[in-house]
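Data block below; observations after.
Throughout, a chain's letter reflects where its sequence line sits, starting with A, and its residues are numbered from 1.
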Number of protein chains: 2
Amino acid sequence: MVKQDILRNELRRRKQRMTAQRELILKIFMDSEDEHMSAEEVYRKVLDRRLRISKATVYRTVDLLSDVGLLRRIVFRDGVIRYELVNKDEHHHHHIICTECGRVEEFPFDLLDDLEKLIEQSTGYKITDHQLKLYGLCSECAKKKNNEKTETDMRKATK
Amino acid sequence: MVKQDILRNELRRRKQRMTAQRELILKIFMDSEDEHMSAEEVYRKVLDRRLRISKATVYRTVDLLSDVGLLRRIVFRDGVIRYELVNKDEHHHHHIICTECGRVEEFPFDLLDDLEKLIEQSTGYKITDHQLKLYGLCSECAKKKNNEKTETDMRKATK
DNA sequence: TTATATGCAAAGCTTTTGCTACGCA
DNA sequence: TGCGTAGCAAAAGCTTTGCATATAA
């Protein structure tokens, strides 16, 4: 089933309506290379495409799409709420964020099912979701940092 | 070494200064039962204690203390940046958040060191930190939800 | 036809910034 | 004494809200 139909069905179930705006915003996520967009960034894409959708509607819609389960809310250390398309059949994935340039990549390993069970037993929680974020330097920024350090050391050495 | 001295040393290294405000804000974290405070919440504690520290300074200071490594930034799904005291000697811990009542608990298991190495190899990142968040229902909220559900089912059955 | 959704503008938050005065090293 | 800091107030985001108008079902 295509995502538009999922949306339409889910909306019907909730007595809400399928609108051009909702479909277009969903489409933006489907077309987007950028995996993780804040509401603000989505709105910028709306403007780029010369679509007439107000900012308020964008905010309301990404929220709706998340509630419906078509988008997933993710938050990195900067505290900005971003959204990514949920692919039901996809393996649960996680994020690795470069603390220098902000680049975000995904990795597909999900080795946490056992851990989850362990925690359920020891805390009494009923766990529904987990999110793992790794922070570090991407290879480029690590290289750059290393060079800077070397230069500084050399300056010191020649003083 | 006590945390004040760590701060003082770290500041000296960066040619920054030890001030009464910085020490007081650090102290608020050390005294606090509340493990996870936003800048706003810290500011409220400042007022509670009748301290004369401006809101801007609180924001700047929690940020500074995080950069220095005395605080750790943590962000849950609500997108609010919170801070917690870093205890160098403590086991790396993670958080489990109840999606119903917002309660946050910690769990000490950290089984991710191997995973971290694996990811370093496959992505070329130099990983410096990781944060795992589990979301679910705490035992109380799970119980409450279960009762509600049972009642609804009973109403339906007797209709 | 009518309840829901949109657009617009304004309000509400949290967070950052510019500038002057202050104070630590 | 000089440079990093604090305080204040204003600006800057980002997000939500109220209300009149438009529109899907």
Checklist outcome for this item: Separation of D:dT5 atom P from B:Leu64 atom CG, nearest Å, is 8 Å
Checklist entry - Can you tell me how far P of C:dT6 sits from CG of A:Leu24, to the nearest Å? => result 11 Å
Next on the checklist: For the residue pair A:Glu105 / A:His94, report whether a side-chain donor-acceptor contact shorter than 3.5 Å exists.
Outcome noted: no
Checklist entry - Once you round it to whole Å, what is the distance between P of D:dC3 and CG of B:Leu11? => result 19 Å
Checklist entry - OP1, OP2 of C:dG7 versus side-chain N and O of A:Thr57: anything below 4.0 Å? => result yes
Next on the checklist: Looking only at side-chain N and O atoms, does B:His130 offer a donor or acceptor that is under 3.5 Å from a partner on B:Glu116?
Outcome noted: yes
Checklist entry - Is B:Val104 close to B:Phe76 at the side-chain level, that is, under 4.5 Å between some pair of heavy atoms? => result yes
Checklist entry - When the distance from CZ of A:Arg82 to P of D:dT15 is rounded to whole Å, what number comes out? => result 10 Å
Checklist entry - Among side-chain atoms of A:Gln131 and B:Tyr135, is any donor-acceptor pair under 3.5 angstrom? => result no
Item to check | Between D:dG7 (C1') and B:Ile25 (CD1): distance, integer Å | outcome: 13 Å
Checklist outcome for this item: From the list A:Ile127, A:Asp129, A:Thr128, side chain to side chain contact (heavy atoms under 4.5 Å, CB included) with B:Leu134 holds only for A:Ile127
Checklist entry - To the nearest Å, how far apart are A:Arg52 CZ and D:dT23 P? => result 13 Å
Item to check | Rounded distance in Å - OH (B:Tyr43) to P (C:dC13) | outcome: 16 Å
Next on the checklist: Rounded to whole Å, how long is the line connecting atom CD of B:Glu23 with atom P of D:dT5?
Outcome noted: 15 Å
Next on the checklist: Treating B:Glu106 as the side-chain partner and B:Ile96 as the backbone partner, does any N or O pair qualify as donor plus acceptor under 3.5 Å?
Outcome noted: no
Using a cut-off of under 3.5 Å, enumerate the N/O to N/O pairs linking the protein to nucleotides 14-25 of chain C.
| residue | atom | partner | partner atom | Å |
| --- | --- | --- | --- | --- |
| C:dT15 | OP2 | B:Tyr59 | OH | 2.6 |
| C:dG23 | N2 | B:Arg17 | NH1 | 2.1 |
| C:dC24 | O3' | B:Met18 | O | 3.3 |
| C:dC24 | O2 | B:Arg17 | NH1 | 3.3 |

